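Position 1 is the first residue of the sequence; numbering continues from there. Computed from a prediction, not measured in an experiment: that's the story for all the values here. In what follows, every heavy atom counts, from backbone to side chain, and hydrogens, waters and symmetry copies are set aside.
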Amino acid sequence: DVARAVAGYDPRYAVFAVRAAADAVTVTLTPTATIHWPIFVVHDWRGSEPTSVTVGGEDTPALVTLDAGTSTLWLTVAADVSTPTEIAIR
């Protein structure tokens, strides 16, 4: 495992690694600088592609790749995050 200066951030791949609960994830990013289009690797995603991605409560486009064989969802949020912001994937 890799030591992480920011909880959940994996610098090897420049992604935030999180685990799904019932095919849903809600995280709050608290950046110290603007994060351009944050990328998430969501482990334990068992369903189909998400139907909703919100950033600060607003529907937001995302680029999605689902690997059903490993229950892994790769998701790039099409938004910059520069202040503490909740991101929800459903």
Side-chain angles (χ1 to χ4, degrees):
D1 206 13
V2 173
R4 296 183 168 116
V6 175
Y9 185 73
D10 187 339
R12 296 172 300 174
Y13 304 106
V15 300
F16 294 92
V18 296
R19 294 214 174 272
D23 290 339
V25 172
T26 302
V27 298
T28 299
L29 292 184
T30 307
T32 56
T34 298
I35 302 171
H36 178 71
W37 289 36
I39 302 170
F40 293 89
V41 176
V42 183
H43 300 282
D44 299 329
W45 190 274
R46 309 249 184 249
S48 57
E49 290 186 3
T51 58
S52 169
V53 176
T54 60
V55 176
E58 299 290 325
D59 286 334
T60 304
L63 307 171
V64 178
T65 300
L66 175 61
D67 182 345
T70 63
S71 299
T72 304
L73 177 74
W74 289 77
L75 187 136
T76 302
V77 177
D80 292 344
V81 177
S82 58
T83 60
T85 304
E86 182 179 276
I87 297 174
I89 305 166
R90 309 251 182 279

When clusters are formed by joining ILVMFWY residues with side-chain heavy atoms under 4.5 Å apart, either directly or through shared neighbours, do [X] and [Y] land in the same one?
{"X": "L66", "Y": "L75", "answer": "yes"}
{"X": "W45", "Y": "V27", "answer": "yes"}
{"X": "Y13", "Y": "V18", "answer": "no"}

With T70 via side-chain hydrogen bond (donor to acceptor under 3.5 Å, both in side chains) - residues at least two apart:
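Once residues adjacent in sequence are excluded, the partners of T70 under the side-chain hydrogen bond (donor to acceptor under 3.5 Å, both in side chains) criterion are D67, T72.
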
Taking only residues two or more places apart in sequence or in another chain, which ones pass side-chain hydrogen bond (donor to acceptor under 3.5 Å, both in side chains) with T65?
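With neighbours one apart ignored, the set is empty.
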
Tell me the salt bridge (charged side-chain N to carboxylate O under 4.0 Å, His left out) pairs involving [range], sequence neighbours left out?
{"range": "residues 24-36", "value": "none"}
{"range": "residues 26-38", "value": "none"}
{"range": "residues 15-24", "value": "R19-D44"}

Pairs involving residues 15-42, ordered by first then second residue, that meet ring-ring contact (aromatic ring centres under 6.0 Å, His included) (sequence neighbours left out):
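Residue pairs passing ring-ring contact (aromatic ring centres under 6.0 Å, His included), neighbours aside: Y9-F16, F16-F40.
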
Distance-only donor-acceptor hits, side chain of residues 49-58, under 3.5 Å, sequence neighbours excluded:
none

Show me the side-chain donor-acceptor pairs of residues 82-90 shorter than 3.5 Å, one per line, residues at least two apart or across chains.
residue	atom	partner	partner atom	Å
T85	OG1	T83	O	2.6
R90	NH1	T26	OG1	3.3
R90	NH2	T26	OG1	2.9

By side-chain contact (heavy atoms from CB on, under 4.5 Å), which residues pair with P31, not counting sequence neighbours?
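Residues passing side-chain contact (heavy atoms from CB on, under 4.5 Å) with P31: L29, I35, V81.
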
